[in-house]
Amino acid sequence: MSEIPDKYNHNTAEERWMKLWEESGIYRWDPTRSREETFVVDTPPPTVSGSLHVGHVFSYTHQDLIVRYQRMRGKNIAFPMGWDDNGLPTERRVQNIFGIRCNPRLPYNPDWKPRRDKDDRDVEEVSRRNFIEACQLVTVEDEAAFEALWRRLGLSVDWNQTYATIDAHCRKISQLSFLDLVEKKQAYQVEAPTMWDIDFQTAVAQAEVEDRERDSFYHDIRFQVEGGGDFVISTTRPELLPACVAVAAHPDDERFKPLFGKNAITPIFQAAVPIVPAEHADPEKGTGILMICTFGDSNDVDFWKKGGLPLKQIIGLQGTLLPVEWGTAPFTTQDPAAAQKAYDELAGQHLKKARARVVEMLAEAGAGVGEPRPTKQFVKFYEKGDRPLEFVSSRQWFIRILEHKEKLLEMSRQIQWHPDHMRLRIEHWIEGLNQDWAVSRQRYFGVAFPVWYPLDAEAQPDYSRPIYADARLLPVDPLSDTPPGYSEDQRHQPNGFTGDPDVMDTWATSSMSPQIMSHWGLDAKRHNRLFPMDVRPQSHEIIRTWAFYTIVKAWMHENTIPWKHVTISGWILDPDRKKMSKSKGNVVTPGHLLEKHSSDSVRYWAARARLGTDTAFDEKVMEQGSKLRTKLFNASKFVLGVMERSGATAGGADQITHPLDLAMAANLCDLVRGSTESFDRFDYAGALAATEDFFWNFCDDYVELVKRRSYEEEDTAGRRSALAALKLGLETLLRLFGPTMPYVTEEIWSWRHPGSIHRASWPSDSEFETGGRIEHPGAYTLAVEVLKKVRMAKTEGKKNLRWPVARLEIVAGADDLKALESVLEDVLQAGAVDPAGVTLTPGEGLSVKATLADNAA
RNA sequence: GGGCGAAUAGCUCAGUUGGUUAGAGCAUCUGCUUUACACGCAGAGGGUCGGGGGUUCGAGUCCCUCUUCGCCCACCA
């Protein structure tokens with residue numbers, strides 16, 4: 001029992017409870033309880049890119065609402081927190097903050113320290129290990145900022161269960177995963193054309209690619225046909241002319257049918273290339289005949305993969321044209337000297353400059369036809385990149401997914417998606433897959449592949465005999481650790497070894513987030529108590545990556561789904577209905593919102609948005625939350641005061657016997673059932689709306705109606721019933737609001753209860769075993785209706801609500817009159833009606849006429 | 001080009017399986033110092049439920065079609 005404060009200051013109260021919750025450990029996961037008793041969340045590890053966003057607050061609140069409900073249902077909660085700190089976003093930030101760039105060939109410098117005052121320095125090159133240290137320095141700061149925000153927001157995370165995707169544990173799980181996939185023949189390495197970002201200098205996967213519309217030009221080029229004749233090709237990429245390996249037209253295209261089987265001669269380079277039929281050639285597009293180059297687009301790749309054509313690799317990893325020797329295969333030509341002379345002007349140039357020069361050459365050679373024609377085209381970009389992707393042949397690791405489409409669809413359908421239509425997104429994505437998962441990246445701050453390659457007598461790696469790390473020794477870094485059977489001095493030596501220099505796609509680690517938490521492969525007991533998990537909360541734009549890859553991994557490793565449910569939060573839109581994003585400059589930082597409105601109010605705003613629904617950022621809704629918070633505080637203070645007035649004590653539900661109280665309790669019981677059903681299907685917003693609606697009516701109508709009986713001096717049955725019902729109402733409503741407004745409900749709960757409300761049990765039917773049967777179910781509604789009529793009369797008479805009513809004439813059906821009589825005393829008192837002026841007349845419908853007294857008495 | 005979702009009061013949103021005069025909050029207007037709360041209470045005005053067809057005794061709710069917006073996907077010569 002503590003003193004009830006007069007006022008509620010959300011900032012001091014929230015700071016206080018935040019600390020108390022941590023000290024008391026009420027949100028800790030209990031590793032001794034069984035899987036059935038446990039509710040496990042696959043918390044999204046936020047990308048620690050330094051920027052905090054209201055969108056974060058929005059979606060993480062949704063998770064917490066579900067978690068807090070489950071906790072009150074008695075579940076042992078496993079709600080961890082991870083930090084996604086590896087990958088390109090971190091590398092980019094670190095490069096900018098410290099003005100550094102990674103050069104993996106440099107040796108580690110133990111004395112080097114990152115400096116933030118980079119103003120007038122040139123970009124500094126540092127070793128991979130130094131670079132990673134700089135990354136870690138930044139991410140630790142970012143993680144602290146996130147944790148502070150999460151704590152203040154009231155996320156009921158178990159802060160003992162945290163991980164960072166670059167930490168040793170995550171690297172170990174990621175490498176274990178990789179070795180398991182190698183063992184299961186699901187991971188393979190191949191030299192093949194791969195989508196390549198020339199700026200980031202890395203391969204990228206299909207899931208990270210987006211199409212962007214660009215302005216472009218068709219250039220018309222005349223090709224000669226061997227043995228006579230010519231034709232014109234329209235191309236947007238004339239710079240690929242030296243890489244042309246064939247020209248193709250549709251097999252049914254009468255214009256070109258006679259040419260199939262002959263050779264065309266490329267202008268300038270004078271290379272003879274076959275004229276072939278190809279289904280993908282569209283007679284309507286361009287001139288109906290096109291160049292096949294290695295490689296201009298994915299059609300070229302697909303066609304080339306069918307075999308029979310040489311590989312003329314002219315695009316280098318930096319996006320410049322490679323030097324080549326004309327006159328030797330595959331760069332055959334009828335005029336080696338001329339071809340070489342022309343090409344030497346292009347070698348070393350960036351693609352864009354090469355294009356311009358080729359166009360000039362074509363014009364000089366008379367092979368350019370007319371002026372370039374502007375067009376729009378969709379070009380593939382790495383989602384974080386600025387220049388178009390190129391298809392470059394390189395050695396990469398892949399994970400087999402194309403051949404498992406059916407199985408992956410089946411697994412996806414075993415999972416329940418909320419809202420359900422989000423399941424279609426992953427189904428369509430799986431159906432549309434056209435490449436295996438390219439999982440290696442030519443980057444530095446990431447998880448290394450636990451692989452080395454033996455070197456032959458010429459110190460060339462033998463990729464057909466990779467050396468895998470011993471699973472017991474993970475994590476390893478093949479660039480500094482020595483493979484089994486070798487000594488470190490054999491590194492890079494003839495007949496020695498070399499480490500795989502690549503790192504894994506960041507999703508290769510994030511896709512293991514359930515197993516990272518459960519310690520798959522390391523602690524079977526823990527794993528079985530946490531996996532498969534209950535719910536994966538996430539946003540919809542990463543269904544094709546995070547959700548998809550996690551499903552892939554769980555199936556490949558253990559032939560199971562990773563979780564039973566996926567909940568998808570919507571986006572926050574600014575008032576113009578645009579998605580909020582940093583680049584648009586319309587982001588609202590969440591810290592000051594919590595200060596200004598309180599965490600409870602910001603959570604209220606988030607809780608009103610249903611899963612999958614995009615929501616406008618609206619501080620008005622937060623203000624509405626603040627009103628609710630204040631009302632909860634004031635109403636609780638008052639109800640407790642009434643309950644405990646002059647030494648009276650409110651009893652249990654069995655004390656509830658008065659018709660009005662019985663009816664209220666029955667309505668409340670319905671509310672509890674409805675809210676429980678809503679929460680069970682992750683509809684926290686529906687539960688909140690119903691609870692809020694009930695609460696305001698409880699305050700305005702019910703509390704007013706029972707004041708008379710609760711104020712009685714004698715310990716009557718009527719008073720006992722009123723006090724017990726007030727107690728039941730207050731304690732039930734507080735718990736229903738608990739998940740949404742954890743701070744203010746905890747504050748109020750603490751006045752009269754020893755433990756946390758967040759460990760209290762969720763209201764259930766058994767709490768509504770009242771001391772009487774309901775004879776007039778409509779009594780409460782009727783009482784409210786009559787009271788409203790009385791109030792209306794006072795408002796229309798411009799009198800205050802205490803103004804006495806001289807006469808009250810009620811006409812109603814016989815049953816309603818009976819019901820009304822049972823609660824009439826409460827109604828008359830609440831309306832300040834003179835009992836002597838009341839007439840009850842049987843009749844049709846319900847009609848109420850109130851006549852105000854002349855004087856205020 | 002294909003798919004998914006959305007369109008309800010000035011604004012932000014509810015409207016369960018089709019069923020009486022379509023709801024809430026904010027905003028607007030009007031009253032009320034009422035001893036829990038003026039971040040309150042009592043009221044009022046405000047919507048042809050995007051357009052058009054159809055099914056039905058009855059449609060915001062089901063079917064078709066169109067329009068607008070958002071998102072996802074698509075082979076980009």
Side-chain angles (χ1 to χ4, degrees), chain A residues 4 6 210-214 216 218-219 233-238 240 247-249 278-282 285-293 296-303 375-380 388-389 419 421-429 431-432 434 540-541 543-544 570-571 573 575 577-579 601 605 608-610 612-621 623-642 674 677-678 683 685-686 689-690 692-693 696 699-700 703-704 788 790-803 832:
Chain A
I4 299 178
D6 277 344
E210 63 186 29
D211 290 345
R212 295 184 201 160
E213 194 174 27
R214 295 191 112 206
S216 181
Y218 276 129
H219 299 269
I233 278 179
S234 283
T235 180
T236 56
R237 301 203 62 181
L240 293 177
V247 297
E279 289 289 340
H280 72 268
D282 179 356
K285 217 164 188 176
T287 57
I289 187 163
L290 60 119
M291 288 201 292
I292 293 176
C293 308
D297 62 26
S298 61
N299 275 327
D300 289 347
V301 173
D302 292 345
F303 198 81
T375 180
K376 300 265 187 197
Q377 62 176 168
F378 285 93
V379 183
K380 286 189 189 303
L389 290 170
H421 67 80
M422 291 294 177
R423 192 187 65 253
L424 295 173
R425 299 229 181 161
I426 196 160
E427 289 184 10
H428 293 160
W429 173 252
E431 285 161 3
N434 55 37
H540 46 78
E541 80 271 22
I543 287 175
R544 67 179 183 173
W571 273 337
L573 309 171
R577 308 251 90 198
K578 297 272 163 41
K579 186 196 172 193
S601 301
W605 162 73
R608 294 232 317 187
R610 286 164 162 73
T613 307
D614 293 346
T615 301
F617 174 76
D618 189 356
E619 288 196 60
K620 288 273 166 52
V621 178
E623 285 167 16
Q624 197 182 330
S626 292
K627 286 186 180 181
L628 173 61
R629 189 197 62 227
T630 303
K631 189 79 173 178
L632 267 170
F633 183 87
N634 287 327
S636 301
K637 212 166 53 149
F638 176 69
V639 168
L640 283 170
V642 171
E677 283 168 20
S678 295
D683 181 17
E692 193 182 1
D693 186 56
W696 287 97
C699 292
D700 296 340
V703 170
E704 291 301 322
K788 278 186 187 301
V790 171
R791 287 168 174 164
M792 201 183 293
K794 295 178 185 183
T795 299
E796 282 169 0
K798 304 195 174 184
K799 297 289 190 276
N800 69 53
L801 295 180
R802 287 277 95 202
W803 195 272

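Below, chains carry the letters A, B, ... as their sequence lines are ordered, and counting in each starts from 1. Only this structure's heavy atoms are used, side chains among them; waters, hydrogens and symmetry mates stay out. All values reported here derive from a predicted model rather than from experimental measurement.
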query = Taking C-beta and beyond as the side chain, do A:Phe638 and A:Val703 meet within less than 4.5 Å on heavy atoms?
reply = yes

note = Separation of B:rU34 atom P from A:Lys799 atom NZ, nearest Å, is 13 Å

ask   = Given B:rG70, B:rA36, B:rU34, which nucleotide is nearest the side-chain atoms of A:Cys699?
value = B:rA36

request  = Take atom CD1 of A:Ile426 and atom C1' of B:rC4, then tell me their distance rounded to the nearest Å.
outcome  = 15 Å

inquiry  = Considering every strand and a 4.0 Å limit on heavy-atom distances, what is the contact class for A:Thr630: base, sugar-phosphate, or nothing?
reply    = base

message = Please classify the nucleic acid contact of A:Asp297 as base, sugar-phosphate, or nothing, using heavy-atom distances under 4.0 Å.
response = base

query = Is a donor-acceptor pair below 3.5 Å formed from side chain A:Lys631 to base B:rC37, judging by atom type as modelled?
reply = yes

ask   = Reckon A:Asp700 touches a base, only the sugar-phosphate, or nothing at all at heavy-atom distances under 4.0 Å?
value = sugar-phosphate

message = Looking at every non-hydrogen atom in both residues, tell me the closest pair between A:Met291 and A:Thr235 and how far apart they are.
response = CE-OG1, 3.8 Å

Spacing between A:Met792 atom CE and B:rG45 atom C1', to the nearest angstrom = 14 Å

task = Counting heavy atoms from C-beta on, name the nucleotide in B:rC37, B:rA42, B:rU12 closest to the side chain of A:Val621.
result = B:rU12

task = Please measure how far the C1' atom in B:rA22 lies from the corresponding atom in B:rA14, and state the result in whole Å.
result = 11 Å

query = If we take the P atom in both B:rA38 and B:rU33, what is their distance in whole Å?
reply = 14 Å

query = Is any side-chain N or O of A:Arg791 closer than 4.0 Å to OP1 or OP2 of B:rA42?
reply = yes

ask   = Nearest of B:rU34, B:rA74, B:rA36 to any side-chain atom of A:Asn800?
value = B:rU34

ask   = If only side-chain N and O atoms of A:Arg610 are considered, is one of them under 4.0 Å from the OP1 or OP2 phosphate oxygen of B:rG15?
value = yes

query = In dot-bracket notation, what is the pairing pattern of RNA chain B, taking Watson-Crick (N1-N3 plus N6-O4 or O6-N4) and G-U wobble (N1-O2 and O6-N3) contacts under 3.5 Å, with [ ] crossing and | for other strands?
reply = (((((((..((((.....[...)))).(((((.......))))).....(((((..]....))))))))))))....

query = Do A:His428 and A:Ile543 touch side chain to side chain, with heavy atoms closer than 4.5 Å?
reply = no

query = B:rG47 and B:rA42: how far apart are their C1' atoms, nearest whole angstrom?
reply = 24 Å

message = Between B:rA36 and B:rC41, how far apart are the two P atoms, rounded to whole Å?
response = 13 Å

request  = Please report, rounded to the nearest Å, how far the P atom of B:rG40 is from the NZ atom of A:Lys627.
outcome  = 4 Å

Integer angstrom distance from the C1' of B:rC26 to that of B:rG40 = 16 Å

message = A side-chain contact here means heavy atoms from C-beta on lying under 4.5 Å apart; do A:Cys699 and A:Lys631 qualify?
response = yes

inquiry  = Rounded to whole Å, how long is the line connecting atom CD of A:Glu796 with atom P of B:rA44?
reply    = 8 Å

task = Supply the atom-to-atom distance A:Thr615 OG1 to A:Arg610 CZ, rounded to the nearest 0.5 angstrom.
result = 10.5 Å

ask   = Quick one: A:Asn634 CG to B:rA36 C1', roughly how many Å, whole number?
value = 5 Å

query = Minimum heavy-atom separation for A:Trp605 to A:Ala616, with atom names?
reply = NE1-O, 3.6 Å

request  = With heavy atoms under 4.0 Å as the rule, sort A:Trp605 into base, sugar-phosphate or nothing.
outcome  = nothing

query = Taking all atoms of both residues into account, what is the closest heavy-atom pair of A:Lys627 and A:Trp696, and its distance?
reply = O-CH2, 4.2 Å

query = Does A:Lys798 put a side-chain nitrogen or oxygen below 4.0 Å from OP1 or OP2 of B:rG43?
reply = no

ask   = Looking across every strand, which nucleic acid part, if any, lies under 4.0 Å from A:Lys620 by heavy atom: base, sugar-phosphate, or nothing?
value = sugar-phosphate

query = Heavy atoms under 4.0 Å, any strand shown: does A:Ala281 hit a base, just sugar-phosphate, or nothing?
reply = base

task = Name the closest nucleotide to the A:Lys380 side chain, picking from B:rA36, B:rG43, B:rC75.
result = B:rC75

ask   = More 5' along RNA chain B: A:Asp211 or A:Glu704, using each one's nearest nucleotide?
value = A:Glu704

ask   = So what does A:Leu801 touch, heavy atoms closer than 4.0 Å: a base, only the sugar-phosphate, or nothing?
value = base

key: Minimum heavy-atom distance between A:Ile289 and A:Ala249, given as atom pair plus value   = CG1-CB, 4.2 Å

Nearest listed nucleotide, side chain of A:His421, among B:rC71, B:rG25, B:rC4 = B:rC4

ask   = Using the C1' atom in both, what is the distance from B:rG5 to B:rG45, to the nearest Å?
value = 34 Å

query = What is the nucleic acid contact for A:Arg212, judged by heavy atoms within less than 4.0 Å: base, sugar-phosphate only, or nothing?
reply = nothing

task = Measure from CD on A:Glu623 to C1' on B:rA27 and round the result to the nearest Å.
result = 12 Å

query = Which atoms form the tightest heavy-atom contact between A:Ser216 and A:Gln377, and what is the distance?
reply = OG-OE1, 3.0 Å

ask   = Taking the side chain as C-beta and beyond, is there a heavy-atom pair between A:Tyr218 and A:Thr236 under 4.5 Å?
value = yes

ask   = Over how many whole Å does the gap from A:Ile543 atom CD1 to B:rG3 atom P extend?
value = 18 Å

message = Ignoring hydrogens, what is the shortest heavy-atom contact between A:Ser601 and A:Gly625? Give both atom names and the distance.
response = OG-C, 3.5 Å

ask   = How would you label the contact of A:Lys788 with the nucleic acid (heavy atoms, under 4.0 Å): base, sugar-phosphate, or nothing?
value = sugar-phosphate

task = Considering only atom P, compute the distance from B:rA9 to B:rG60 and round it to an integer number of Å.
result = 14 Å

message = Under 4.0 Å, counting only non-hydrogen atoms across every strand here, what does A:Trp803 touch: a base, just sugar-phosphate, or nothing?
response = nothing

key: Sugar-phosphate, base or nothing in reach of A:Ala635, heavy atoms under 4.0 Å   = base

key: Contact nearer the 5' end of RNA chain B, comparing A:Leu424 with A:Thr287   = A:Leu424

task = Using the P atom as the reference point in each nucleotide, state the distance between B:rG23 and B:rU48 in Å, no decimals.
result = 15 Å

